[in-house]
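Single-structure report; data block below.
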Amino acid sequence: MAHALLEKMLAERGVNHFNVRSGGIAIYARDGMLASLDARLVLRELDIYIGDGEFVSTDLKRHRHLIEQAHLILTMTNEQKQMLDAYPEVAGKRVFTLREFAGEDGDIDDPAMQGEEAFRARMEEIQRCLEKSFDDLLKMSHEHI
C-alpha cells in the first residue's frame, strides 16, 4: 500500500525523478506474490487501482542488489529495520521506519488476515505518515539527482 500511495502522491505533484520499489524482508517474503484483495479494495477508495498481476512482491533477501541501489529505505516496523541490518548492502544507507521518518514513534503493523477495516486503518496511517514526511523525501531525493 505504501508503494502505491507514494507513487500517487508523486504523480499528483508532478514529481517524476523517483524510483519507488517495494520489497519484503520477513521470513515469509516471496517473489511474485500478488497484492492482497483487501489492500486493493481499500486503495480503490483513493482511486488507486491495482489489477491482478500488475503489482507483485519482491523478496529482498534474494535481490540484495535492490538494497545496494537504494538511497533511502523505509520499513513499516523496527523489526524489519533490524532484519535489514544483517545485510552488508545496508551499510551507509538511510534506513528508517515510516513512522520514524515522519517524526513519530512506533510501527505500522501488517494488517494481513485482519480484514478490510484493518487494511483501511493501516492505509490511512501510511498516507498520513507519507504526507507528513513528503517534503523531507523530496529534499533527500534532490541530494541524489
What's the separation between atom [atom1] in [X] and atom [atom2] in [Y], rounded to the nearest 0.5 Å?
X	Y	atom1	atom2	answer
R40	I50	CZ	CD1	8.0 Å
L72	L137	CG	CG	6.0 Å
F18	M140	CZ	CE	9.5 Å
Q80	T97	CD	OG1	9.5 Å
E104	I108	CD	CD1	8.0 Å

Quick check on E79: does its CD atom have over 12 non-hydrogen neighbours (other residues, nucleotides or ligands) under 6.0 Å away?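 Incorrect, the count does not exceed 12.
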Using a cut-off of 6.0 Å, state whether more than 12 heavy atoms not belonging to D85 lie near its atom CG.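 More than 12 within 6.0 Å, yes.
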Side chains of E7 and H3: donor-acceptor distance under 3.5 Å anywhere?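 Per modelled atom types, E7 and H3 side chains form a pair under 3.5 Å.
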Tell me, do [X] and [Y] make a side-chain contact under 4.5 Å, heavy atoms counted?
X	Y	answer
M1	L43	yes
E116	V42	yes
D47	K8	yes
E68	V90	no
D31	T58	yes

Within 45 degrees of the axis of the six-membered ring of F134 and under 6.0 Å from its centre: does R13 put its NZ or CZ there?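 Cation-pi check for R13 and F134: passes.
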Worked check of salt bridge (charged side-chain N to carboxylate O under 4.0 Å, His left out) between D105 and R99: CA-CA 6 Å; D105 292 324; R99 288 192 68 180; over 6 Å; no
Using side-chain contact (heavy atoms from CB on, under 4.5 Å) as the criterion, list what pairs up with A118, not counting sequence neighbours.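 Residues passing side-chain contact (heavy atoms from CB on, under 4.5 Å) with A118: P111, Q114, R122.
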Closer than 4.0 angstrom, basic N to acidic O: yes or no for [X] and [Y]?
X	Y	answer
R120	E117	yes
R128	E124	no
E100	K81	yes

Shortest non-hydrogen separation from A70 to K93 and the atoms involved: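 Here A70 and K93 meet closest at O-NZ, 2.8 Å.
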Compare every heavy atom of I25 with every heavy atom of L60, then report the nearest pair and how far apart it is.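 Closest approach of L60 to I25: CB-CD1, 4.1 Å.
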